[in-house]
Protein chains: 2
Amino acid sequence: MPNAPTAKGRATRARIVEGAAEVLREQGVAFTTLDDIRGRTGTSKSQLFHYFPAGKDELLLAVARFEADRVLKDQQPHLGRLDSWESWRQWRDVVVERYERQGDRCPLGSLFLQVGRDRPGARAIVTGLMRQWQEQLARGMRALQANGLVSSALDVERTAAALLAGIQGGVTIMMSTGDSTHLRAALDTGIEHLRGTAG
Amino acid sequence: MPNAPTAKGRATRARIVEGAAEVLREQGVAFTTLDDIRGRTGTSKSQLFHYFPAGKDELLLAVARFEADRVLKDQQPHLGRLDSWESWRQWRDVVVERYERQGDRCPLGSLFLQVGRDRPGARAIVTGLMRQWQEQLARGMRALQANGLVSSALDVERTAAALLAGIQGGVTIMMSTGDSTHLRAALDTGIEHLRGTAG
DNA sequence: CCTTTTCTGGACTTGCAGGTCCATTTTCCG
DNA sequence: CGGAAAATGGACCTGCAAGTCCAGAAAAGG
């Protein structure tokens, strides 16, 4: 269902998704109505349903995709070039800075609770994001191995999975407490663990 | 506001909280109505508002407290006696088993999205839980230090924070993907990290 | 017992948010 | 141009779920 044949249509659709993302970040999904989104994006009810015929859920899913894209984009180009200790450090700083700026709102996490995880497509967004993220971490670790900075005996996949979990948890905890200590601890301890296997 | 002077009253209140917790686990907070809870607990609307005058939010908060208590209780007695590698392993198994059994529902996480983090009391529940959890992990690490199993140079607080973050993230990811790989990776890598500093 | 408080049942109200509809305007394209 | 398709505005409908109310049953307790 190609839902925006014209350029104007595509622009409006994009405006809705971006505006909705803003509102959802500010208010949280549980407290956001279609009217809020309508107001923010300067659109009418019929436009919302024109571009998202299945209603709110479809819109929320589109926003989830939009937010998921940002997550990895915001970490580039560092995440793509994790081949030295210095690049890992830079990436670490970017991640901390990004999530501290985001504050205590979790756009993605909350979206799925509202939509329902089982909904076709919902799960795929998260699993896809996690897979790509972990892949890039793993690639970075292999780059370190190739440069002789990390033991070749390291179980890269598992270590990458653990680091990713640490980041997720650090962010989760920050959402609840407003404190980034755990995120920093997870990143620093994770990198330190890599350094510990040096050789 | 002592909200249950009589024994019967206290029993009813407890029945409501426990029943609500069940329903919320099964359906998710976004899809649960007071009528669902009423049905499950065999109560009437007036009872719900008799015991939770502020309405749904107050009830959800009570459920959150109830669930938060369970989290640590379910990890005992292992979490309280982390003084040998064997005890750490047992604890690890219990955590994995507990969350795998819980499946892909996150009672606590979702509750706060609905209630709103800012609500007085909401944040305190999570921060308190995290503080206690991390404290017990840190105590376990110090016990390992005391037994000469782990380097005394280890930054216990930071390592405990990182491990806690890993667990949280592992659980979070499992909620979305249904797969406990990350949780296991976080636990195993965390413990391995401790072992790595041995001496 | 008799009074007072607590507890319970369930009908009723109400506001709101999601969703529908259709008239009108704008854009597309031959 | 001119007709078709897309885009837009906004009034309207509707169902549902939170919350109210009051009457009546059960317990407390002197």
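Computed from a predicted model, the values in this text were never measured in an experiment. Just so we're on the same page: letters track the sequence lines, and every chain starts at 1.
- Where the helix from C/dC1-D/dG30 to C/dG30-D/dC1 starts and where it ends, the local axes point in directions that differ by 20°; five pairs per end, rounded to 10°.
- When the salt bridge (Lys or Arg N to Asp or Glu O under 4.0 Å) test is applied to B/D188, the partners found at least two apart in sequence or on another chain are B/R92.
- Nucleotide C/dG10 holds its P atom 14 Å from the CG atom of B/L48, rounded to whole Å.
- Between A/E67 and A/R70, at least one side-chain nitrogen of the basic residue sits less than 4.0 Å from a carboxylate oxygen of the acidic one, meeting the salt-bridge criterion.
- By the salt bridge (Lys or Arg N to Asp or Glu O under 4.0 Å) test, B/D179 is found to be paired with no residue, residues two or more places apart in sequence or in another chain being considered.
- Contacts between residues 26-41 of chain A and DNA chain D, defined by a heavy-atom separation under 4.0 Å, are absent.
- With sequence neighbours left out, the salt bridge (Lys or Arg N to Asp or Glu O under 4.0 Å) criterion links A/R65 to no other residue.
- Judged as a side chain to side chain contact (heavy atoms under 4.5 Å, CB included), and not counting sequence neighbours, the contacts of A/A160 are A/Q134, A/L137, A/A138, A/M141.
- The NZ-C1' distance, from A/K56 to C/dC16, rounds to 12 Å in whole Å.
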For residues 9-16 of chain A, dump all side-chain donor-acceptor pairs below 3.5 Å to protein atoms at least two apart in sequence or in another chain.
residue : atom : partner : partner atom : Å
A/R10   : NH1  : A/A4    : O            : 3.4
A/R10   : NH1  : A/P5    : O            : 3.1
A/T12   : OG1  : A/K8    : O            : 3.0
A/R15   : NE   : A/T41   : O            : 3.0
A/R15   : NH2  : A/T41   : O            : 3.3
A/R15   : NH2  : A/G42   : O            : 3.4

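- Counting only residues at least two apart or in different chains, ring pair (Phe, Tyr, Trp, His ring centres under 6.0 Å) contacts with residues 31-71 of chain A are absent.
- Scanning for side chain to side chain contact (heavy atoms under 4.5 Å, CB included) contacts around A/V94 gives A/H78, with sequence neighbours left out.
- In this structure, the CZ atom of B/F49 is 6 Å from the P atom of D/dT20, given to the nearest Å.
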Strictly under 3.5 Å: I want the nitrogen or oxygen pairs between protein and nucleotides 3-9 of chain D, one per line.
residue : atom : partner : partner atom : Å
D/dA7   : OP1  : A/T6    : OG1          : 3.1
D/dA7   : OP2  : A/H50   : NE2          : 2.9
D/dT8   : OP1  : A/T12   : OG1          : 3.0
D/dT8   : OP2  : A/T12   : OG1          : 3.4
D/dT8   : OP2  : A/Q47   : NE2          : 3.0
D/dT8   : OP2  : A/Y51   : OH           : 2.8
D/dT8   : O5'  : A/Q47   : NE2          : 2.8
D/dG9   : OP2  : A/Q47   : OE1          : 2.7
D/dG9   : N7   : A/S44   : OG           : 3.2
D/dG9   : N7   : A/S46   : OG           : 2.4
D/dG9   : O6   : A/S46   : OG           : 3.1

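- B/F52 has its CZ atom 16 Å from the P atom of D/dT20, to the nearest Å.
- Among residues two or more places apart in sequence or in another chain, the side chain to side chain contact (heavy atoms under 4.5 Å, CB included) test is passed with B/R40 by B/E22, B/V23, B/E26.
- Not counting sequence neighbours, A/Q114 has no partner by the side-chain hydrogen bond (donor to acceptor under 3.5 Å, both in side chains) test.
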